[in-house]
Structures are given as C-alpha cells and as structure tokens.
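Shown next, in structure tokens, is the structure this report addresses.
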Amino acid sequence: MVRKPLVSIVSAGLSKFGRLEGMYGREIFAEAAKEAYERCPNLDPAKDIEALFIGHMGESYEHQGHTGPTLTDWAGLLPKPSMRLESACASSGVALRTGIFAILSGMHDIVMVGGVEKMTHRTTPEVTEFLAMASDFPFEQWHGITFPGLYALMATAHMHKYGTTEEQLAMVAVKNHHNGALNPKAHMQKEITLEKAVSSRVIAWPLKLYDCSLITDGASCLILTRPDIAKKFTDTPVHIIGSGQASDAIGLYEREELTTLKAGRLAGQEAYKMAGVKPKDLDIAEVHDCFTIAEIIAYEDLGLCKPGKGGSLVKEGATKLDGEIPVNTSGGLKSKGHPVGATGTAQAYETYLQLTGQAERRQVKGAETALTHNVGGSGATATVHIYRRG
Amino acid sequence: MSETLPFTIESFYKFVSERKLMAAKCSKCGTLLLPPKPMCTKCLSTDFKWVKLKGKGKLLSYTVIHISPVQFQSMTPYTVGIVELEDGPHLPGMIRGVEPEKIRVGMGLKVDFDKSIPSEWPLWPRYFFRPP
C-alpha cells in the first residue's frame with residue numbers, strides 16, 4: 001500500500017567530517033548549508049526557507065549557547081525564526097521530526113533542519129565529561145560512569161545473556177570502516193582489520209578503542225518541503241513516509257532490560273506502522289552505532305533479526321554493503337564520525353544520496369526504501385524515520 | 001528524625017551520609033522508587049513513606065572504566081556495575097574490594113558507604129558496592 005508522504009527532502013548538505021581545526025561550529029554549518037543550496041538551484045534560500053530547526057547538544061564545547069539564531073545568521077537566513085533542539089546525540093533526529101511537525105501543521109511549507117557539533121579542540125577527558133552530561137547525574141555521572149561505560153554495561157549484559165562475542169562487536173567496526181573508506185566526507189577513511197580492532201586499547205571493558213565512535217567536528221542539513229510542491233525544486237525528491245519517537249528513563253539502571261533500547265523499539269514500531277513498511281522491505285538503514293554494541297542492539301530493536309541474533313547477523317555479512325540489508329553505508333558514527341548534534345540529519349543525508357543514486361562508490365543499486373535510527377544518550381530518546389525514493 | 005525528609009534525591013544522599021540506603025514506598029500502590037520521586041511513576045500518588053533497604057543484591061552487569069571524566073582520572077581503571085537489589089530496585093555504583101578479573105555477572109554484592117563528603121555542590125557522599 002502506498003502511503004502519502006509526510007514531507008519531502010528536496011536538498012541536503014554535509015560538511016566534511018573530521019578534525020576541522022580553526023573552524024567554529026557556525027562556520028562548519030555554513031559549509032553544509034552551502035552544499036544544500038548548490039544542490040537545489042531552483043530554490044532561493046533567503047526567500048523560500050521559512051524556518052530552521054537545529055540539533056545541537058552542548059554549550060560546553062565552544063562556550064556557546066543560543067545556537068538557533070547564530071546558525072540562521074551564518075546560513076544567510078536572518079530574520080527567519082529558528083529553534084534549537086537538544087536531545088543529546090538524537091538532537092538532529094528530533095530537529096528533523098520537529099521540521100516535519102512544522103510542515104504538517106500548515107504553519108510552514110519549506111524549512112531547513114540540521115545539526116552541528118564542534119568537539120575536537122577539547123581533550124578526551126573533557127569530551128568524556130561533556131558527553132556524560134546526557135546521562136543521569138545523581139546516580140551515573142556521580143559514580144564515575146561514562147558514556148562508553150553505559151554501552152559497555154549493555155555489552156556485558158548482551159554477551160552474558162546471548163553469548164555475543166568481542167569479535168562480533170569488532171566485526172561491526174570492520175564493516176563500518178570499510179564503508180567509511182568509500183566516503184570522501186568520512187572522518188576516518190581507512191579499513192581496519194579484525195585483529196587490530198580486537199587488540200586496540202580498552203576504553204571501558206569490553207569496549208575497546210575501535211568499538212567507539214569518533215570525536216568529530218561536523219554539520220548536516222536538509223531542506224524539507226510540503227510533498228505537493230517538492231517537484232518545483234527538484235526532479236528527484238526523497239519522501240519521508242514514517243516518523244517515530246519515544247522516551248525512556250534517563251538512567252540505564254532504571255530500564256527493565258539492559259540488552260535492548262525500549263525507546264528504539266517503540267520509535268521503530270511507530271515509524272514502520274506509519275509508513276506501511278516492514279523490516280524486510282528496507283533496502284538500506286543508517287543506525288546509531290555510537291558503539292559497536294549499539295549497532296547490534298539496533299538490528300534487534302528494528303526487527304532486522306530476532307533478539308539475541310545481532311552478533312550472528314553481522315558475522316554472516318548480511319549488513320555489509322553487498323549484503324541483504326546494508327547498514328551504515330556511510331561508515332556510520334564509527335568511521336564517518338559522530339559530531340553529536342549533527343548525526344541525525346547526517347544519517348538522513350546519506351539516505352538522500354543513496355535514494356537519489358548519488359552515493360558513488362558505496363551506492364546500493366536500486367535502493368528505494370530506507371530507515372534512519374538516531375539515539376540520544378543511553379537510549380532515553382530514540383527517533384526512527386523511513387524514506388522512499390520520490 | 002530524617003525519616004520525615006521530602007522524597008527527593010537530596011534526601012536520598014542525606015540518608016547515605018547516615019549510612020542508610022533508603023527508597024520511597026508508594027502508600028497507594030506499593031511501588032518502591034529508587035531514586036525517590038515526588039510523584040509515583042506507576043499511579044501518580046504523592047503519598048510515600050521511606051523504607052530502609054537491606055542493601056544486598058546480585059550484579060546484573062559491569063564494566064571496567066579506563067578513560068574517565070576529568071574528576072575520576074586519578075582512580076582509573078575502576079569498575080562500575082548495576083546491582084539488582086533483593087528489595088527490587090536496580091542501583092548503579094562503583095565496585096570496590098574485588099579484582100576486576102574476579103568479577104562475574106550474578107555475583108553477590110552489598111552496599112557500603114564512603115565517609116568523605118565533597119566540599120562543593122553537590123554535597124553528596126558516595127555509596128559503593130563490595131563483596132559481602
């Protein structure tokens with residue numbers, strides 16, 4: 001059954017991801033905006049774009065809050081209204097969903113959604129502390145639990161319950177580095193071996209360096225329109241046909257289960273139902289692999305395999321670029337990088353490229369239906385979106 | 001007298017300073033809230049009483065942290081876990097007094113309490129877990 005699209009993506013932009021020395025977050029966002037404008041010559045940004053919805057996690061990195069109007073200015077869009085959405089690493093997934101609300105409400109016809117984070121000028125202990133602010137302060141941060149630590153707690157529980165192995169975790173990293181090596185905008189464009197991943201230094205056992213996503217600078221954006229006017233701006237729009245979001249307790253310890261993210265499951269179920277799509281209908285997915293265990297749990301939460309079978313799924317190669325359901329063709333957060341506020345719409349950017357046949361060396365032939373899965377914190381926020389080629 | 005404290009996180013740590021692990025029990029539906037919350041997350045009642053927990057439980061999961069935030073750097077590597085208390089609630093915290101390689105999911109642990117109280121906000125002493 002063909003569902004009516006919620007909104008259409010008529011253009012998208014992504015800055016280079018990596019260590020962008022000498023650049024401030026707003027300047028990186030301008031780079032993403034410029035690409036989106038250049039891809040869509042039929043659109044007059046200052047005239048046509050009516051509002052901005054921006055994902056940005058932390059003031060601490062650049063000692064800068066109030067990023068909505070700042071990015072609006074640097075994107076050349078003053079005096080258009082703007083809104084900054086903070087939902088940890090799901091900030092721009094939530095910004096995307098808010099942009100959909102803005103169009104569906106009838107208030108706006110054309111909006112920009114996006115996100116940014118500038119992180120690499122800070123030391124690793126500083127970034128560790130800033131990221132930990134998205135976890136529970138009184139019971140997690142206060143007792144020295146870090147973000148890698150929270151996902152390590154999930155990994156230990158998953159290994160204990162299902163027999164998932166450290167090698168299976170590392171296979172996620174090897175796969176995503178392979179894809180990232182084909183992505184000219186990825187932070188770390190190099191292949192890694194299983195041996196290298198398994199023997200890398202411990203960050204939070206059982207998670208090692210290559211189980212963790214990268215501390216990265218970057219920005220991303222999309223231009224969304226009402227579906228009925230999309231063809232005015234492009235011959236190849238991508239429609240968003242499903243959107244889901246859910247919340248859970250901020251503290252991992254308060255969850256019923258440590259081996260699944262309930263918010264991710266619920267967001268997925270909502271998006272699938274809205275889109276009239278089942279997991280087997282997907283051609284590609286970009287999932288939130290902030291740590292390798294997170295990708296394995298995402299497979300299970302999104303119905304790509306049964307609970308407990310995520311380790312086997314990656315081992316069988318089903319999620320490789322030439323597998324049954326390629327996951328994280330961009331390289332994912334693992335290899336493309338994870339500028340936290342930019343990640344949700346960066347996943348949508350990859351989906352836009354894939355569904356319009358512009359993903360070059362990592363193009364999945366004939367991809368028509370896609371999913372993005374963006375998680376905030378240790379799973380207190382999750383958003384899922386489903387896309388179809390227009 | 002502290003059994004009359006409001007049902008807040010601040011009160012929870014006030015009890016920790018008295019070497020007590022306390023949770024809020026909903027007088028209407030019986031749900032045990034740890035952390036305490038001013039409103040019951042099951043039935044929305046605001047009628048609670050404090051109950052003292054036994055502080056014993058089994059380890060649900062653990063990790064050994066090698067890269068820490070700035071304020072914990074002098075302690076690395078250190079072990080943290082989530083414990084399922086016999087009374088029901090789950091509680092995270094550091095695990096001390098046992099070698100990381102001897103820690104196993106399912107092992108028994110009990111709560112103990114730090115003596116020192118920080119000099120800056122939040123003035124919360126820490127609890128931790130150790131083998132019984």
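Residue numbers begin at 1 in each chain, while the letters A, B, ... track the order of the sequences. Excluded from the calculations below are hydrogen atoms, water molecules and symmetry mates; all remaining heavy atoms, backbone and side chain alike, are included.
What you find for V202(A) and V64(B) is that their closest heavy atoms are CG1-O, 4.5 Å. Taking both residues in full, the closest heavy atoms of E140(A) and P92(B) are given as CG-CG, 4.5 Å, listed atom of the first, atom of the second, then distance. A pairwise comparison of heavy atoms in G144(A) and Y78(B) identifies O-OH, 2.6 Å as the closest pair. In terms of heavy-atom proximity, P69(B) sits nearest to T146(A) at CD-CG2, 3.3 Å.
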task = Please report the C-alpha distance between R126(B) and H143(A) in whole Å, then the side-chain angles of each, then the deciding distance to 0.1 Å, and finally whether the side-chain contact (heavy atoms from CB on, under 4.5 Å) criterion is met.
result = CA-CA 7 Å; R126(B) 289 184 173 87; H143(A) 296 275; 4.1 Å; yes

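With a 4.5 Å cut-off on non-hydrogen atoms, Q141(A) touches chain B through its backbone but not through its side chain. Residue contact with chain A, scored on non-hydrogen atoms closer than 4.5 Å, is absent for P77(B). Contact annotation for P148(A): neither backbone nor side-chain heavy atoms come within less than 4.5 Å of a heavy atom of chain B. For R255(A), the part lying under 4.5 angstrom from a heavy atom of chain B is the backbone only. Heavy atoms of P100(B) lying under 4.5 Å from chain A are absent altogether. The contact between I203(A) and chain B is made by backbone and side chain atoms together, counting heavy-atom distances below 4.5 Å. Of the atoms belonging to I9(B), it is side-chain heavy atoms, and not backbone ones, that fall under 4.5 Å from chain A. For Y62(B), the parts lying under 4.5 angstrom from a heavy atom of chain A are both the backbone and the side chain.
Using a distance-only test at 3.5 Å, with no hydrogens or angles considered, a donor-acceptor pair links the side chain of T63(B) to the main chain of W205(A).
Taken from CG in L209(A) to CD1 in I67(B), the straight-line distance is 8.5 Å, to the nearest 0.5 Å. Remark: K161(A) NZ to S61(B) OG distance equals 12.0 Å, nearest 0.5 Å. Here OG1 of T156(A) is found 10.5 Å from CD1 of I103(B). Values are rounded to the nearest 0.5 Å. Atom CG of L252(A) sits about 10.0 Å away from atom CG of L60(B), to the nearest 0.5 Å. I145(A) contributes atom CD1, which lies 6.5 Å from atom CD1 of I82(B) (distance to the nearest 0.5 angstrom).
At least one side-chain heavy atom of P35(B) sits less than 4.5 Å from a side-chain heavy atom of Y253(A).
Of residues 124-135 of chain A, those residues with a non-hydrogen atom less than 4.5 Å from any non-hydrogen atom of chain B are, in numerical order, T124(A), P125(A), E126(A), T128(A), E129(A).
When the shell of 6.0 Å around CD of E256(A) is examined, it contains 12 or fewer heavy atoms from other residues, nucleotides or ligands.
Considering Y127(B), W121(B), W124(B), F128(B) as possible partners of W142(A), the one that fulfils the ring pair (Phe, Tyr, Trp, His ring centres under 6.0 Å) test is W124(B).
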